[in-house]
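Okay, structure first, notes after.
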2 protein chains.
Amino acid sequence: MNFNAITIRDIAKALGLSVSTVSKALRDSYEISTQTKKLVAEYAREHNYRPNPLAQSLKKGHSKTIGIVVSTIENQFFSQVINGIESVAYKAGFNVIITQTHESYELEVKNVAQLTHHALDGLLISLSAETKDVEHLQHLNKQGLPIVFFDRVSSDIKTHKVIADNLKGGYDATKHLIEAGYKRIAHITSPPNISITQERLAGYKQALKEAGRPIEEQYIKYCPHGGRDTEEVEIAINELLALPNKPDAIFTTSDRITTTTLFLLNKAGIKIPNDIALAGYTNTTLADVLNPPLTSVYQPAFEMGQKAADMLLQLILSKRPVTEFETITLPTQLFIRQSTHSVG
Amino acid sequence: MNFNAITIRDIAKALGLSVSTVSKALRDSYEISTQTKKLVAEYAREHNYRPNPLAQSLKKGHSKTIGIVVSTIENQFFSQVINGIESVAYKAGFNVIITQTHESYELEVKNVAQLTHHALDGLLISLSAETKDVEHLQHLNKQGLPIVFFDRVSSDIKTHKVIADNLKGGYDATKHLIEAGYKRIAHITSPPNISITQERLAGYKQALKEAGRPIEEQYIKYCPHGGRDTEEVEIAINELLALPNKPDAIFTTSDRITTTTLFLLNKAGIKIPNDIALAGYTNTTLADVLNPPLTSVYQPAFEMGQKAADMLLQLILSKRPVTEFETITLPTQLFIRQSTHSVG
DNA sequence: TTTATTTACGCAATCGTTTTCGTTTTAGGC
DNA sequence: GCCTAAAACGAAAACGATTGCGTAAATAAA
């Protein structure tokens, strides 16, 4: 806005009115005559007047922008969530500012600070893989900044949350592998501190238990950065392959871990599903054209974004402090494809 | 910022100073004694003072935020570009606001208006597939808003631009197909009005010409929305397949067209590359694990974002109006994979 | 001791709007 | 023709920060 736009004062001067009259005319106040309103409106249109949003926000005390924190928008799951958020935010006249943590706690803290440096009406966040405490958010929340968690949430802050049914997602995938005849089902997942890891792992364990299978810790591998680095997935896979009882199936969580596992197994010449079956969380639209087509747990990302934005807007627009918070759980969908074709 | 943050006035009151003194102390002015500075700094830190960015921007006349317009962040090419932009913008203390056109001219105009409604120091834009005129940008540019084009540019506005070497990209892919032994090479691309279409098409034609091949319009198909809708790709493919001389290879541009073509060919039971070979533009990290692994033209998206942001910052930060503009052309890379394995 | 400087701070205008609270003008009622 | 009330507009104080300028106090120079 450094470019020279015309101001309300310019209009006032040109029309021989006061700034307050112009302002009121523009906002269609009852105090202003129809004639004057027309005059002002016309002049404003002709000269392409745009109210300075900075001044408006400063005066009104809200900026009509919300912040988003995700690990990376390169992950289709998150870009879909963001699309959902934007679809409702824009309808309500809100702008969004997106920041990425790249799974780093340090960057998360920095980004949140960056965001609040700018004027924010609310924050939508999915925690980074490294994040173990949420003091940086707690403080802001106490100060009155509305926050809504989605995907990777924290139980340490009482606020609205939107998550997928991670337990069921893990359960469904694992159960499917069991029913398809696989015996030694491994699990490669994100670090244990984040909510989705715990929930999906619980689903995995529950399915095994129900089938009377033992839960073997050697089959459970964690990637400290949720698969951000290929190496961490490679280590996990190598450890699994080095086991005396190699797994005959792998259940992966997170887009990155899933696709990296697929890549590494292919690269190692391991046939999927004949040597090892693969079922993984992913929201890529490419699951159908992968080699082989991938059995996947799909999350309603767009809806998650919509819900989260809805709830945040509700918090922002609420006249009185909200004390009752809810957690929305969205169903996931298991798509069965060739990467887990039945044994025999 | 509706949440009650402390202001400079609060500090002044608490410390028995004037607001100007506090402001100057915070900005480390030579006018203020070391003691007072310490006092103020300490109080500010203890009470977690953050200058109101709105007020600062209003006063200083710049907002330290830049706007980005892309077709969709779900496209990995664009999310990579955005990563590049962010990497330089944040370093310079700038925030970015991302908007998506979803290939709609109407949405593009709307978004640009939305963005300028908010305070913007500059704009980074890749035109939508529908966009044929750029008056909505010309006006802003004339008013002094710095604009840098990337990827899909317009020749109607004189400003900095960053593009990939689209001609060479199209040329390389086509030449590779020719050398691999394919005879009837089709081309499915974006609408003819956008720059990348024209340039890549020119590369395609050049390679054919050099090889002494005829250029047959029946082999060139346009998708009005750059593959946004599966149907438009389906129509193109069906038309190609209905030809008396069906193509034995297809060169596709844009991520969406490429992956959709792959999907549709697979679905139709057409073997790649045996029945029809496929080479396509894509920046997905999944090209290696597609079925089959896809020969692709890869664009240096991250670098493109960096360069574009660099140039925009240069424009924004320049003291005097810039009149000399340059267009940077980045090289693309052809990755040869199984989808175009040599004939015979 | 007087004058000149420096040091350290406060006043007030400013950025562009919004909004409260006058004030003027006009019309209406008698 | 006078009073009252409504209608239409303006003055000024915000919002929170920045900054040029004025000024008191402290120090140095004469």
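Chain letters run A, B, ... following the sequence lines, proteins first, then strands; residues in each count from 1.
Distance alone, capped at 3.5 Å, places no donor-acceptor pair between the A/Asn83 side chain and the A/Phe302 backbone. At distances below 3.5 Å, at least one donor-acceptor pair connects side-chain atoms of A/Thr99 with backbone N or O atoms of A/Ile68. Without hydrogens or angle criteria, A/Thr159 side chain to A/Ile147 main chain gives a donor-acceptor distance under 3.5 Å. Using a distance-only test at 3.5 Å, with no hydrogens or angles considered, a donor-acceptor pair links the side chain of A/Ser57 to the main chain of A/Pro53. Under the 3.5 Å distance criterion, the side-chain polar atoms of B/Arg228 are matched with a main-chain donor or acceptor of B/His102. When atom types are taken as modelled, the side chain of A/Lys37 and the backbone of A/Ser29 share a donor-acceptor pair closer than 3.5 angstrom. Using modelled atom types, no side-chain atom of B/Asn95 and backbone atom of A/Leu115 make a donor-acceptor pair closer than 3.5 Å. For A/Asp310 (side chain) and A/Val88 (main-chain N/O), no donor-acceptor pair under 3.5 Å exists by modelled atom type. One N or O on the side chain of B/Asn111 and one on the backbone of B/Gln100 form a donor-acceptor pair closer than 3.5 Å. With hydrogens and angles disregarded, a donor-acceptor distance shorter than 3.5 Å links the side chain of A/His47 to the backbone of A/Tyr43.
The side chain of B/Tyr49 places an N or O atom within less than 4.0 Å of a non-bridging phosphate oxygen (OP1 or OP2) of D/dA17. The side chain of A/Thr21 contributes no N or O atom lying less than 4.0 Å from OP1 or OP2 of D/dC9. Not one side-chain nitrogen or oxygen of B/Arg27 sits closer than 4.0 Å to the OP1 or OP2 atom of D/dA17. Between B/Gln56 and D/dG16, a side-chain N or O to OP1/OP2 separation shorter than 4.0 Å is absent. Contact annotation: B/Ser23 reaches the phosphate of D/dT18 (side-chain N/O to OP1 or OP2, under 4.0 Å).
Within a heavy-atom distance below 4.0 Å of DNA chain D, the residues of residues 8-17 of chain A found are A/Gly16, A/Leu17. For the contact set between residues 38-46 of chain A and DNA chain D, defined by any heavy atom under 4.0 Å, there are no members.
Checked against A/Val69 for a side-chain contact (heavy atoms from CB on, under 4.5 Å), the options A/Ile125, A/Leu107, A/Leu127, A/Leu124 give a single hit: A/Ile125.
What separates CG of B/Leu58 from P of D/dA14 is a distance of 17 Å, to the nearest Å. If you take NZ of B/Lys60 and P of D/dG16, they are 17 Å apart, rounded to a whole angstrom. When the C1' atom of D/dC9 is taken as reference, atom CG of A/Leu26 falls 15 Å away, rounded to whole Å.
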*Treat primed atoms plus P, OP1 and OP2 as sugar-phosphate and everything else as base, then score nucleotides 20-28 of chain D 5' to 3': B for base contact with protein heavy atoms under 4.0 Å, S for sugar-phosphate contact only, - for none.*
BB-------

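Annotation: the terminal axes of the helix from C/dT1-D/dA30 to C/dC30-D/dG1 meet at 60°, where each axis is the rotation carrying the C1' atoms of four end pairs onto the next four (5 pairs per end, rounded to 10°).
In summary, contact between chain B and DNA chain C, defined as any nucleotide atom under 4.0 Å from a heavy atom of the protein, begins and ends at C/dA8 to C/dG16 in the 5' to 3' direction.
Looking at B/Phe149 and B/Ser154, their side chains come closer than 4.5 Å, going by heavy atoms from C-beta outward.
When heavy atoms are screened at a 4.0 angstrom cut-off, A/Ser57 is found touching no nucleic acid atom at all. Contacts of B/Thr36 with the nucleic acid, taken as non-hydrogen atoms under 4.0 Å apart, involve only primed sugar atoms and P, OP1 or OP2.
A salt bridge between B/Asp121 and B/Lys64 is absent, with no side-chain N of the basic residue lying under 4.0 Å from a carboxylate O of the acidic one.
Among pairs with a residue in residues 100-111 of chain A, those fulfilling salt bridge (charged side-chain N to carboxylate O under 4.0 Å, His left out) read A/Glu103-A/Arg152, at least two apart in sequence or across chains.
A centroid separation of 6.0 Å or more is found between the aromatic rings of B/His160 and B/Phe150. Ring centers of B/His62 and B/Phe94: at least 6.0 Å apart, outside the cut-off.
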